[in-house]
Student: 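Here it is, the structure in full.
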Amino acid sequence: MTRKPGRTAHVDAPTVPPAPRPGRRVAARLAGAAALLALLIAACTPPPPPPPADPLVARADGGASPSATVDLAPGEWADFELVLDAVRHFDLVYAELDTTQPAVVELRGGNYWTAIASSDTPDFFVRGTIAGVPQPRPAAARLDPNAIGYDLVCRGPCVIFRPTSQRFFLRVVNTGGTLLDADVFLYGMGFADEHEPDNDRMDDAPPLADGETGALELLGDTDFWYAPVDANVTFVPNSGGLALQASVFDACGLSVAGPFAGGTAFRVFAGETVRVRAAQDRAGPPGRSGYTVLVGAPTGGTPPRDPGCRPATANLSPNTPVATQFMGSGATATFVVTVPAGVRSRDVIQFEVGGSARLEVLSSGGSVLFSSTSPDVFFAGGAASMAPEVAPSGVAVNRVCGGPCVIVPSPASSYLVRVRNTGSARNVPLYAFGRAFDDGTEPANDARSTAPSIVGDGSGAIETVGDVDLWLVPFTGQVAFDAVSGGPALQAHVLSPQGAVVDGPYAPGSTFEVFAGEFVRVRAADPNRAAVAGRSTYFLD
């Protein structure tokens, strides 16, 4: 074979390492590597130690007495390191400044230089810093939670956080134009929301009942409420409180209605769950973050929404469906597929639908992770396009699908799977089974250090999205690259012993030159595509 221009000749003896190949981007790569190294060195430089800070000892008296007093001129600030030993058994810690003058409190993390939350008002606090506030530059009796009311408010700027073992600092800043003379309070409290922390999970949501209350006392707090019966529901924020939003989720955990602003009435159906959270990234004391649940009899003629999930359990059989659902043309069904430990222990889980359909594997939030409308190709995300249907055949390296299919490596404990019937009305079978890779060189071919050698006829398959196969070349000569038809387009590159691309890409049907010690890399031309082995197998000879 004629050597391509620009490729450096190697010595004939296979025991001598090949000479480096010239490349047009070598200088650029070296410059880029130098810049990256400089960034890494800068990133690895540890931050300076925190500035001197007075200890601020938390009290277990519910805010009856201050822990310190500040006396700050305009623009000045004071730093405190928090001592939380006395309040570790409480749910929450309040850091509060007793003033009506302009001021800010900042809760800072263990290295001091990162602000966790900030407040300039008694009504709420926000994540991170507040725009316009100058930042520093490096150079004992337990309260009964039931006694805490939903009318509790702060005396001035305050933040609320969990008393974890993390190191905390508090920074108090006088942002006004006069002297600030104010008490600083640091004290433990219980949740005002009696449903915390159980209501953080959909599975543990308390039932919707008229007159129930909740509060969003921590940043990122989300409250769930379960609807045992059909009802009209309204979430009413406390007067002058945080803006709320409520969304309705079906039994699959997928959003089906909303979000609704606080004070808006909406319909829920039995078995659904309502999520309540702050409309902005805020939280506050219960007097400002609290809300009341109003529940009434359902009104209107709105038909019930789809019941949501059908349960299914994955197995180890490619021939036994985990569910069969009668579906009209264009109908959609969603399944919650539980994956037992014996299935999770396999290399991959394969989802498959018989016949013409759209198959989607969803995240817990409802976004599409993988999709397929073809037995030949599946995609990352929702970009699947229609392709002809083929009949099922054998397994092993000849495995093909009898309808749309998706393969997911390292199976999880459960999946949401959505199916839309694109054929005529029929019983639609859903398969979900664990199995080994059909590609027997997986996962060793994922790294240069464990790559198999091309000896005689080598073959592999691109069975999962993003799969990249590497093969060590033990000889100097030629490699013929080919692939089965009907699947995603594949391509091969030649890599140096260090992993840099030196030639390619080559399409199936190509023959190209290689040198001992190099690698051949095979992957899908579109990294978001993959297929079962019967449609993604390739050959290196």
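Counting begins at 1 with the first residue of the sequence. All figures in this text were calculated on a predicted structure; none of them were measured in a lab.
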Student: Could you check whether any side-chain N or O of T334 sits under 3.5 Å from a backbone N or O of R418, counting only pairs where one atom can act as donor and the other as acceptor?
Tutor: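 Checking the backbone N and O of R418 against the side chain of T334, no donor-acceptor pair under 3.5 Å is found.
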
Student: Considering all heavy atoms of both residues, which atom of A357 and which atom of P404 are nearest to each other, and what is their separation?
Tutor: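 Minimum heavy-atom separation between A357 and P404: O-CG, 3.1 Å.
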
Student: Return the minimal non-hydrogen interatomic distance between F475 and V514, and the atom names on each side.
Tutor: CE1-CG2, 3.9 Å

Student: Quick one: do V322 and N315 satisfy side chain to side chain contact (heavy atoms under 4.5 Å, CB included)? Show the steps, please.
Tutor: CA-CA 7 Å; V322 298; N315 57 33; 3.7 Å; yes

Student: Does the ring centre of F481 sit less than 6.0 Å away from the ring centre of Y506?
Tutor: no

Student: After noting the C-alpha distance and the side-chain angles of V93 and I160, does the key distance pass the side chain to side chain contact (heavy atoms under 4.5 Å, CB included) rule?
Tutor: CA-CA 6 Å; V93 177; I160 306 170; over 6 Å; no

Student: When rounded to the nearest 0.5 angstrom, what is the spacing between CG in D482 and OG1 in T537?
Tutor: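 If I round to the nearest 0.5 Å, the distance is 11.5 Å.
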
Student: Report yes if the side chains of L92 and L218 come closer than 4.5 Å at any heavy-atom pair, otherwise no.
Tutor: yes

Student: So does G328 get a backbone contact from the side chain of N421, meaning a donor-acceptor N/O pair under 3.5 Å?
Tutor: yes

Student: Who are the side chain to side chain donor-acceptor pair (under 3.5 Å) partners of R275, not counting sequence neighbours?
Tutor: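 Checked R275 against side chain to side chain donor-acceptor pair (under 3.5 Å); zero matches.
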
Student: Assess whether side chain to side chain contact (heavy atoms under 4.5 Å, CB included) is satisfied between V361 and V368, documenting all intermediate values.
Tutor: CA-CA 6 Å; V361 178; V368 179; over 6 Å; no

Student: Do you know which of I130, V133, I116 makes side chain to side chain contact (heavy atoms under 4.5 Å, CB included) with E106?
Tutor: V133

Student: For G402, does its backbone N or O pair with a side-chain atom of E352 as donor and acceptor, under 3.5 Å?
Tutor: yes

Student: For a quick test of reading the model, state the closest non-hydrogen atom pair linking F125 to A117 and the distance between them.
Tutor: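 Closest heavy-atom pair between F125 and A117: CD1-CB, 4.1 Å.
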
Student: Measure the spacing between CG of L107 and OG1 of T114 and express it to the nearest 0.5 Å.
Tutor: 11.5 Å

Student: Does the plane of the ring in F224 sit parallel, tilted or perpendicular to the ring in F249? Use 30° and 60° as the thresholds.
Tutor: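 Aromatic pair F224/F249 classed perpendicular.
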
Student: Does the gap between the ring centers of F351 and Y415 come in under 6.0 Å?
Tutor: yes

Student: Please name all residues satisfying ring-ring contact (aromatic ring centres under 6.0 Å, His included) with F519, sequence neighbours left out, ordered by chain then number.
Tutor: none

Student: Can you tell me how far apart CZ (F379) and CG (D526) are? Round to the nearest 0.5 Å.
Tutor: 7.0 Å

Student: Please name the pair of heavy atoms, one in V532 and one in V400, separated by the smallest distance, quoted to 0.1 Å.
Tutor: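 Distance-wise, the nearest heavy atoms are CG2-CA, 3.7 Å.
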
Student: Does P48 offer a backbone N or O that forms a donor-acceptor pair with the side chain of W113 under 3.5 Å?
Tutor: yes

Student: Here's a test for you: under side chain to side chain contact (heavy atoms under 4.5 Å, CB included), which of V501, D469, V494 qualifies with R521?
Tutor: V501

Student: Check whether any side-chain heavy atom of F437 sits under 4.5 Å from a side-chain heavy atom of E463, and report yes or no.
Tutor: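 SC-SC contact between F437 and E463 confirmed.
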
Student: Would you indicate whether the side-chain heavy atoms of L254 and L362 approach each other to under 4.5 Å?
Tutor: yes

Student: Any side-chain donor paired with an acceptor under 3.5 Å for N199 and D193?
Tutor: yes

Student: For a 4.5 angstrom cut-off between non-hydrogen side-chain atoms, does I349 reach F433?
Tutor: no

Student: Would E217 and R162 pass as an ion pair if we require N to O under 4.0 Å?
Tutor: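 No, E217 and R162 are not salt-bridged.
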
Student: Ignoring hydrogens and geometry, is there a side-chain-to-backbone donor-acceptor pair from S372 to V377 under 3.5 Å?
Tutor: yes

Student: Would you say that P318 contacts R435 through its side chain, given a criterion of any heavy-atom pair below 4.5 Å between the two side chains?
Tutor: no

Student: Which distance, rounded to the nearest 0.5 Å, do you find between the OG of S496 and the CG of D503?
Tutor: 12.0 Å

Student: Does any part of the side chain of L316, heavy atoms only, come nearer than 4.5 Å to the side chain of R346, both counted from C-beta?
Tutor: yes

Student: Nearest 0.5 angstrom please: R344 CZ to S413 OG, how far?
Tutor: 6.0 Å

Student: Which pair of heavy atoms, one from F169 and one from G109, lies closest together, and at what distance?
Tutor: CD1-O, 3.4 Å

Student: Does S536 reach the main-chain N or O of I462 with its side chain, forming a donor-acceptor pair under 3.5 Å?
Tutor: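 Yes, because the side chain of S536 sits within donor-acceptor range (under 3.5 Å) of the backbone of I462.
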
Student: With no hydrogens and no angle check, is any side-chain donor or acceptor of T422 less than 3.5 Å from a backbone partner on S356?
Tutor: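 Between the backbone of S356 and the side chain of T422 there is a qualifying donor-acceptor contact (under 3.5 Å).
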
Student: Just how far is it from atom OG of S453 to atom CH2 of W471, taken to the nearest 0.5 Å?
Tutor: 9.0 Å

Student: Checking T441 against D439: is there a side-chain donor and acceptor pair closer than 3.5 Å?
Tutor: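 Yes, side-chain donor-acceptor contact under 3.5 Å.
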
Student: May I have the step-by-step check of side chain to side chain contact (heavy atoms under 4.5 Å, CB included) for V406 and L359, ending in yes or no?
Tutor: CA-CA 8 Å; V406 166; L359 171 65; 4.1 Å; yes

Student: Is a donor on one side and an acceptor on the other found under 3.5 Å between the side chain of R277 and the backbone of D221?
Tutor: no

Student: Using side-chain heavy atoms (C-beta onward) and a distance below 4.5 Å, is V276 in contact with T222?
Tutor: no

Student: Tell me if a side-chain donor or acceptor on T476 pairs with a main-chain N or O of A516 at a distance below 3.5 Å.
Tutor: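 Looks like yes, one N/O pair under 3.5 Å.
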
Student: Counting only N and O atoms by type, is there a donor-acceptor contact under 3.5 Å from the side chain of D198 to the main-chain atoms of R201?
Tutor: no

Student: Between P488 and A531, which heavy-atom pair has the shortest distance, and what is it?
Tutor: CD-CB, 3.5 Å

Student: Determine, for F124 and R282, whether the Lys NZ or Arg CZ falls below 6.0 Å from the six-membered ring centre while staying within 45 degrees of the axis.
Tutor: yes

Student: Does a side-chain heavy-atom distance below 4.5 Å link H195 with D223?
Tutor: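 No, their side chains stay 4.5 Å or more apart.
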
